[in-house]
Colleague: 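One structure coming up, written as C-alpha cells, with questions to follow.
Worth saying up front: this structure is predicted, and the values here are computed from it rather than measured.
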Amino acid sequence: MKQIAVVEDEPLMREELALMLRKAGYKAIEIREFDHVAEQLEQISPDLAVLDLNLPGVSGFQICREIKGRSSFPVLVLTSRDQMKDELRALELGADEYLTKPCRRERILARVSNVLKRYEGRANLLEGPGFLLDRQTYTLYINNSSIVLPKNQGKLLEIFLSRSDRTVTKDELCTALWGTTEFIDENALQVNLTRLKKTMTRLGMKQKITPVRGMGYRLENEEDQ
C-alpha cells in the first residue's frame with residue numbers, strides 16, 4: 001500500500017484529504033505538528049507528500065526545498081495560492097505537481113496516481129546535479145553511461161547525497177562505512193574519502209567533498225565554493 005503524507009495545517013481540510021486518500025486505497029499519514037516538517041517526512045519516508053504552502057512557521061516553499069535536498073520521494077503542492085509566480089517558484093524548488101484549492105477530488109487523485117507512477121522504480125535512486133545513484137547497487141548514472149562504484153565509495157556518496165543540506169560528521173561517515181565509530185583509524189576514513197574524490201574528479205562530477213573544520217565534511221557544488 002502506497003504511503004502518502006498530508007502536510008496541511010487546516011484540520012478539516014487535512015482530515016478530508018486523508019479520508020479521500022484512504023478511500024482510494026492509500027495509507028494517509030497526517031502531519032499535525034509543523035516544527036521540523038522535513039525531518040518528520042524524512043523519518044516517515046512516504047511514497048508521496050501532499051504539501052500546503054501556507055503553514056505556520058516555516059513556509060511550504062522552504063519545506064519543499066529541504067525535502068528535495070534530503071530525500072527522493074515526490075512532492076505534490078496543494079495550495080490556495082494561485083499566482084503563477086508561486087507555482088513557478090515551487091516547481092523550481094523541485095515540486096512534482098502544483099494544484100490550487102479548491103480542487104475536485106477526481107483531479108487530485110489523478111495527479112496523485114500520475115506522480116506515483118512516474119516515481120515507480122525510482123525509490124532507490126538519489127539525484128545529484130547531472131547524475132543518479134542507485135543506493136542498492138551503488139550504480140552511478142552519469143553522462144549517458146553507468147559505473148558501479150566500489151561499495152565504500154557508494155556508501156559515502158549515498159550519505160552525502162541524503163544529507164546534502166548539511167555537514168556530515170566523521171562519526172556519521174564511519175557508521176555508514178563500518179556500522180560503528182569504535183576502534184576506527186581516521187586514516188582509514190581519509191583513504192576512502194580520497195578514493196571517492198578521485199572517482200568524482202575522473203567522472204567530471206560537478207560536486208566536491210569539502211572539509212568543515214572541527215565538524216566533518218560537506219558535498220558542495222563547485223560554483224558554490
Colleague: Over all heavy atoms of both residues, which pair between N54 and D9 is shortest? Give the atoms and the distance, please.
Modeller: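 Looks like O-OD1, 3.3 Å.
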
Colleague: Which of these, L177, L219, I209, sits in a side chain to side chain contact (heavy atoms under 4.5 Å, CB included) with L156?
Modeller: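 That would be L177; it is the only one of L177, L219, I209 passing the side chain to side chain contact (heavy atoms under 4.5 Å, CB included) with L156.
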
Colleague: Say you draw a straight line from CZ of R111 to CD of E97; how long is it, rounded to the nearest 0.5 Å?
Modeller: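 Spacing of CZ (R111) from CD (E97) equals 4.5 Å.
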
Colleague: Are any of the side-chain heavy atoms of V168 and F160 separated by less than 4.5 Å?
Modeller: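 Result yes, sub-4.5 Å side-chain heavy-atom pair found.
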
Colleague: Before accepting this row, confirm whether a basic side-chain N of the pair K206/E220 lies closer than 4.0 Å to the acidic partner's carboxylate O.
Modeller: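 E220 and K206: not salt-bridged.
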
Colleague: Taking the side chain as every heavy atom from C-beta outward, state whether I31 and V6 have any atom pair closer than 4.5 Å.
Modeller: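 No, their side chains stay 4.5 Å or more apart.
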
Colleague: Look up atom CG in L78 and atom OG1 in T100, then write down how far apart they are to the nearest 0.5 Å.
Modeller: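 If we round to the nearest 0.5 Å, L78:CG and T100:OG1 are 8.5 Å apart.
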
Colleague: Please check if any side-chain donor atom of Y26 sits under 3.5 Å from a side-chain acceptor atom of Q3, or the reverse.
Modeller: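 Not at all, the side chains of Y26 and Q3 share no donor-acceptor pair under 3.5 Å.
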
Colleague: Of all the heavy-atom pairs spanning N192 and A188, show the shortest one and how long it is.
Modeller: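 Minimum heavy-atom contact is ND2-O, 2.8 Å.
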
Colleague: Flag the pair R14 and E30 as a salt bridge only when some basic side-chain nitrogen lies within less than 4.0 angstrom of an acidic carboxylate oxygen.
Modeller: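 Salt bridge flag = yes for E30 with R14.
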
Colleague: Please round to the nearest 0.5 Å and tell me the distance separating atom CH2 of W178 and atom CG of L189.
Modeller: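 Nearest 0.5 Å value for the CH2-CG distance: 5.5 Å.
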
Colleague: State, yes or no, whether a side-chain contact exists between F61 and L53 at a heavy-atom distance under 4.5 Å.
Modeller: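 With C-beta onward as the side chain, the pair touches.
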
Colleague: Please name the pair of heavy atoms, one in S146 and one in Y141, separated by the smallest distance, quoted to 0.1 Å.
Modeller: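 Taking S146 first and Y141 second, the nearest heavy atoms are CB-CD2, 3.7 Å.
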
Colleague: Within this structure, what is the CZ-CD1 distance for the pair R65 and I67, rounded to the nearest 0.5 Å?
Modeller: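 Spacing of CZ (R65) from CD1 (I67) equals 12.5 Å.
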
Colleague: So that I can tick it off, tell me whether D52 and K101 are bridged by a salt bridge, with the cut-off set at under 4.0 angstrom between side-chain N and carboxylate O.
Modeller: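 Result for this pair is yes, salt bridge flagged.
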
Colleague: Can you name the nearest heavy-atom pair linking Q40 to E33, along with the distance?
Modeller: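 Here Q40 and E33 meet closest at NE2-O, 2.8 Å.
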
Colleague: So how far is it from R166 CZ to E66 CD, rounded to the nearest 0.5 Å?
Modeller: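 CD of E66 is found 12.0 Å from CZ of R166.
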
Colleague: So does L109 get a backbone contact from the side chain of S113, meaning a donor-acceptor N/O pair under 3.5 Å?
Modeller: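 The answer is no, because no donor-acceptor pair under 3.5 Å joins these two groups.
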
Colleague: Is it the case that over 12 heavy atoms from other parts of the model lie below 6.0 angstrom from the NZ atom of K197?
Modeller: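 Atom NZ in K197 is crowded, with more than 12 foreign heavy atoms closer than 6.0 Å.
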
Colleague: Distance alone, cut at 3.5 Å: any donor-acceptor contact between the side chains of R218 and T167?
Modeller: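 The answer is yes; a qualifying pair exists.
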
Colleague: Of all heavy-atom pairs between A5 and L41, which one has the smallest distance, and what is that distance?
Modeller: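 Between these two residues, the closest heavy atoms are CB-CD2, 3.5 Å.
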
Colleague: Are P74 and L48 side-chain neighbours, meaning at least one heavy-atom pair lies under 4.5 Å?
Modeller: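 Heavy-atom side-chain distance check passes, below 4.5 Å.
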
Colleague: Apply side-chain hydrogen bond (donor to acceptor under 3.5 Å, both in side chains) to Y98 and D86, showing your working.
Modeller: CA-CA 10 Å; Y98 192 100; D86 292 322; 4.8 Å; no

Colleague: Distance from I147 atom CD1 to Y138 atom OH, nearest 0.5 Å?
Modeller: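 Going from the CD1 atom of I147 to the OH atom of Y138 covers 15.5 Å.
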
